[in-house]
Amino acid sequence: MAAENEFKHLVLVKFKEDVVVEDILKGMETLVSEMDTVKSFVWGKDTESHEMLRQGFTHAFLMTFNTKEDHIAFSTHPKHLEFSASFSAAIEKAVLLDFPAVLVKPPPPAAAVTPPPAAADN
């Protein structure tokens, strides 16, 4: 399927003070690894933005789905609903955006992998 048709789920969060963020991250990584409808998942913690621009948000999560229907299947899956309850309890505030991706610059083609040279017989 063309990359233009991918569907993205972007979540920006500020966790509550007493939350063990690593536990939440492990739970999320486990969840998406078990869900076939999730094409890819990346997350990161802000380290560069000025506080004024960040507005308290510290972490970003981005999931990619092949279609909007795959996102709906993920969102309504019992495992997601169960995780969402604990995730929601751990966050002070969040912004969610769900959108069809518009590809402006495709990634470069993967470089061909060259096998290592054969060992010379002595």
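Quick caveat: nothing in here was measured; it's all calculated off a predicted structure.
Across every non-hydrogen atom of Leu12 and Ala60, the tightest pair is CD2-CB, 3.6 Å. Among all heavy-atom pairs drawn from Ala94 and Leu96, the shortest one is CB-CD1, 4.0 Å. Annotation for Leu25 and Phe61: closest pair CD2-CE2, 3.5 Å, computed over non-hydrogen atoms. Nearest approach of Ala73 to Thr37, heavy atoms of both residues: CB-CG2, 4.2 Å. When all heavy atoms of Gln55 and Met52 are compared, the pair lying nearest together is CG-O, 3.6 Å. The heavy-atom pair separating Asp70 from Thr67 by the smallest distance is N-OG1, 3.0 Å.
Distance check, rounded to the nearest 0.5 Å: NE2 of His77 to CG of Asp36 gives 9.0 Å. Atom-to-atom distance recorded for Ser40:OG and Lys8:NZ is 5.5 Å, nearest 0.5 angstrom. Here Thr64 contributes atom OG1 and Lys39 contributes atom NZ; the two are 7.0 Å apart, rounded to the nearest 0.5 Å. Here the straight-line distance linking atom CG of Asn66 with atom CZ of Phe7 works out to 12.5 Å at 0.5 Å rounding.
Phe99 and Val11 are assigned to two separate hydrophobic clusters, defined by single-linkage of ILVMFWY side chains at heavy-atom distances under 4.5 Å. Grouping the Ile, Leu, Val, Met, Phe, Trp and Tyr side chains by contacts below 4.5 angstrom, directly or via other members, places Val19 apart from Val95. Residues Leu10 and Val42 are members of one and the same hydrophobic cluster, defined by side-chain heavy-atom contacts under 4.5 angstrom among Ile, Leu, Val, Met, Phe, Trp and Tyr. Under the 4.5 Å side-chain heavy-atom criterion for grouping Ile, Leu, Val, Met, Phe, Trp and Tyr, Phe15 is not connected to Leu62 through any hydrophobic cluster. Cluster membership for Phe57 and Ile24, using ILVMFWY side-chain heavy atoms within less than 4.5 angstrom, is not shared.
The side chain to side chain contact (heavy atoms under 4.5 Å, CB included) test applied to Glu29 returns Phe41, Trp43, not counting sequence neighbours. A search for salt bridge (charged side-chain N to carboxylate O under 4.0 Å, His left out) contacts involving Asp46 returns Arg54, not counting sequence neighbours.
Aromatic ring centroids of Phe65 and Phe74 lie under 6.0 Å apart.
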Would Leu31 and Lys79 count as a side-chain contact (heavy atoms from CB on, under 4.5 Å) if you check the C-alpha gap in whole Å, the side-chain angles of each, and the deciding distance to 0.1 Å? CA-CA 7 Å; Leu31 173 70; Lys79 287 183 181 181; 3.8 Å; yes
Evaluate the criterion side chain to side chain donor-acceptor pair (under 3.5 Å) for residue pair Thr58 and Lys14; output intermediate values, then yes/no. CA-CA 5 Å; Thr58 57; Lys14 176 182 181 184; over 6 Å; no
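Other residues, nucleotides and ligands contribute more than 12 heavy atoms inside 6.0 Å of the NZ atom of Lys93.
Side-chain atoms of His9 never come within 3.5 Å of backbone atoms of Met63 as a donor-acceptor pair (strictly under, hydrogens ignored). Distance alone, capped at 3.5 Å, places no donor-acceptor pair between the Ser88 side chain and the Ala85 backbone. Judged purely by atom type and a 3.5 angstrom limit, Glu6 has no side-chain atom pairing as donor or acceptor with the backbone of Pro100.
Classification of Glu92 and Lys16 as a salt-bridged pair fails, no side-chain N sitting under 4.0 Å from a carboxylate O.
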